[in-house]
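Have a look at the structure below before the remarks.
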Amino acid sequence: MPLWQKSIKMSLVKLTIKGISYSQTQNGAYALILNEVDGDRKLPIVIGAFEAQSIAIALEKEIKPPRPLTHDLFKSFADRFDIVVKQVIIHKLVDGVFYSSIICERDKIEEIIDARTSDAIALALRFSAPIFTYKNILDKAGIYLNANPAELEGQNSDDDGVLSTPETFGIENESSKSENAYKKFSLSELHELLETAVQDEDYEKAARIRDEISKRES
């Protein structure tokens with residue numbers, strides 16, 4: 001039985017893409033927001049500027065770059081040699097880093113390719129392939145948006161800071177500053193900060209706080 005069929009029996013959760021939010025703490029970084037299909041949890045994943053641009057272009061079906069991006073080139077290469085991406089699985093989370101596999105098939109032979117999650121999702125969009133993660137990963141890293149629906153009435157339904165069109169992004173590395181920002185807080189304070197970040201829909205900040213909590217509780 002192919003791996004992707006076996007995986008379905010191992011508590012896989014299907015995800016969809018909500019959007020890409022601008023980073024408020026790290027220039028050149030963005031938060032890719034994934035939603036579970038049959039639930040309310042969101043899975044924020046911090047990604048780089050190039051990957052954010054590539055995913056944004058893939059989401060905008062009517063926008064075609066004048067020359068193929070790297071992920072477009074991979075798609076053309078795969079099409080030429082009859083390689084199909086069947087699905088993407090986010091299969092591991094270690095120290096705030098998500099690991100993914102691309103499940104491919106050629107001549108009815110299945111292959112598994114290790115990939116960065118941002119690259120895997122950029123390719124999944126181009127192949128119209130589903131995206132999954134395991135339930136235990138979503139249980140650990142998923143974020144609930146605990147808003148009362150009645151409180152949302154009259155609010156703008158559009159998501160502030162979510163990319164609707166691709167742009168060219170600059171990169172400035174402030175990762176060391178971002179990584180150390182939450183070390184001075186206690187666990188209880190981190191949980192309070194996490195709840196505030198979720199309510200503000202600052203998913204990039206929420207992802208970093210969640211990662212710091214995960215490191216301490218692991």
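Counting from 1, the numbers follow the sequence of the chain as shown.
Remark: I102 CD1 to I83 CD1 distance equals 11.0 Å, nearest 0.5 Å. Taken from CG in D114 to OH in Y99, the straight-line distance is 9.0 Å, to the nearest 0.5 Å.
In this structure T16 satisfies the side-chain contact (heavy atoms from CB on, under 4.5 Å) test together with N35, V37, sequence neighbours excluded.
Taking every heavy atom of both residues into account, F132 and Q87 meet most closely at CE1-OE1, 2.9 Å.
I17 and L138 fall within a single hydrophobic cluster, where Ile, Leu, Val, Met, Phe, Trp and Tyr side chains are chained together by heavy-atom contacts under 4.5 Å. Note on I45 and L59: same hydrophobic cluster, where clusters join Ile, Leu, Val, Met, Phe, Trp and Tyr whose side-chain heavy atoms are under 4.5 Å apart, directly or indirectly.
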Does V46 form a side chain to side chain contact (heavy atoms under 4.5 Å, CB included) with F98? I'd like the steps, not just the answer. CA-CA 9 Å; V46 178; F98 292 88; over 6 Å; no

Would S100 and I89 count as a side chain to side chain contact (heavy atoms under 4.5 Å, CB included) here? Give the steps. CA-CA 6 Å; S100 293; I89 300 176; over 6 Å; no

Using the rule given for side chain to side chain contact (heavy atoms under 4.5 Å, CB included), can you reason through I103 versus V88, listing the C-alpha separation, both sets of side-chain angles and the distance that settles it, and then say yes or no? CA-CA 6 Å; I103 313 303; V88 162; over 6 Å; no

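For the residue pair R126/S76, the side-chain donor-acceptor check at 3.5 Å is not satisfied.
Partner of E36 under the side chain to side chain donor-acceptor pair (under 3.5 Å) criterion, out of R41, K135, K42: R41 alone.
Side-chain contact between T117 and L32 is absent, with no heavy-atom pair separated by less than 4.5 Å.
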